[in-house]
Amino acid sequence: MANQSGSVYGLTLLSPILDDERAVPSHDLQIRKYLATLPTGVDSPFAIAPGTHLARLVVMDDVIYVGMPACEEHLKSKYLIFESNCDGDLDKYLTGLATKIPEHLDAIWSHCTGYPGASDVPAFLRYMKACQIETTFFFAAVNDKSVTDTLIALQTQRAVADFIATHQGMDAAQTQREFIEFIRILKAAPPPPPGVMGAHRDIKTGGRNE
């Protein structure tokens, strides 16, 4: 099915940016400035909004002429590109964006032609779908797991790798005792929130290098 890979939905939007000579700075520059200030990690708006595996926002000025045999073509306007791999149903995902991060959506898409605002959710859904094009390439590493499932798997992988690294050469009996305790702690650990799978480690693994 187009736009769908397993349980992961690939969303690609092209929203035309307003072309108003009276706007200072121009609408595309205002979008760029706002995007540059967006936080990352756990504070990212798309970590707060549910179901986002990844998201990317880009301002496209024009298409690039690559030479013969291609034809030289130009866009009629600049476009805001939004790409996301998300969990499941498109309506549910877009509704989650509109209800969880409306201020960010309005600050960005208010510079795009015809944007109705996030407060009118049905109109917001219609607008986003009108800007949608088919997605044929997915960035998500898995296509059959939710964001939460993927985060738990990454947490487990990282913790096990740490345990192995810190128990090299240790007495077998002690390693077994510490592994039993490690598994108990790992099973009891809550799922990590989106945006936290950075360089730090939250689950202690014992061993010699702690």
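Everything numeric in this text was worked out from a predicted model, so none of it was measured. Position 1 is the first residue of the sequence, and the numbers go up from there.
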So, does [X] use its side chain to make a donor-acceptor pair with the main chain of [Y] at under 3.5 Å?
{"X": "D106", "Y": "A118", "answer": "yes"}
{"X": "Q132", "Y": "L11", "answer": "no"}
{"X": "Q174", "Y": "M170", "answer": "no"}

Work out which heavy atom in [X] is nearest to a heavy atom in [Y]; give both atom names and the distance.
{"X": "Y127", "Y": "C112", "value": "OH-CB, 3.4 Å"}
{"X": "E83", "Y": "I81", "value": "CG-CG2, 3.9 Å"}
{"X": "L13", "Y": "M128", "value": "CD2-O, 3.1 Å"}
{"X": "A189", "Y": "Q155", "value": "CB-NE2, 4.1 Å"}
{"X": "A49", "Y": "K100", "value": "CA-CB, 4.2 Å"}
{"X": "T12", "Y": "T135", "value": "OG1-OG1, 2.7 Å"}

Inset, instruction - Please determine if R32 and D61 form a salt bridge, counting it only when a charged side-chain N lies under 4.0 Å from a carboxylate O. - result: yes
Legend entry - Note: K129-D91 ion pair, threshold 4.0 Å (strictly below): yes
Legend entry - Short side-chain donor-acceptor distance under 3.5 Å, Y93 and T52: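 Result is yes, a qualifying pair exists.
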Inset, instruction - Answer yes if the side chains of H53 and D87 hold a donor-acceptor pair under 3.5 Å, and no otherwise. - result: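 Result is yes, a qualifying pair exists.
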Inset, instruction - Carefully, step by step, assess F163 and F179 under the rule ring-ring contact (aromatic ring centres under 6.0 Å, His included). - result: CA-CA 8 Å; F163 183 91; F179 183 73; 5.3 Å; yes
Legend entry - Non-hydrogen side-chain atoms of F182 and T175 separated by less than 4.5 Å: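 No, side chains not in contact.
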Inset, instruction - Assess whether atom CD of Q157 is packed by more than 12 heavy atoms of other residues, nucleotides or ligands within 6.0 Å. - result: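 Result for CD/Q157: open.
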Legend entry - Mutual orientation of the aromatic rings belonging to F124 and Y115 [parallel < 30°, tilted 30-60°, perpendicular > 60°]: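 Plane angle over 60°, so perpendicular.
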Legend entry - Under the side chain to side chain contact (heavy atoms under 4.5 Å, CB included) test, residues paired with T113 that sit two or more places apart: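 Here the qualifying residues are P16, L18.
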Legend entry - Set of residues satisfying side chain to side chain contact (heavy atoms under 4.5 Å, CB included) with respect to P45, sequence neighbours excluded: L38, P39, I101, H104
Inset, instruction - State the CD1-CZ distance between I180 and R184, to the nearest 0.5 angstrom. - result: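 Taking CD1 in I180 and CZ in R184, the distance rounds to 11.5 Å.
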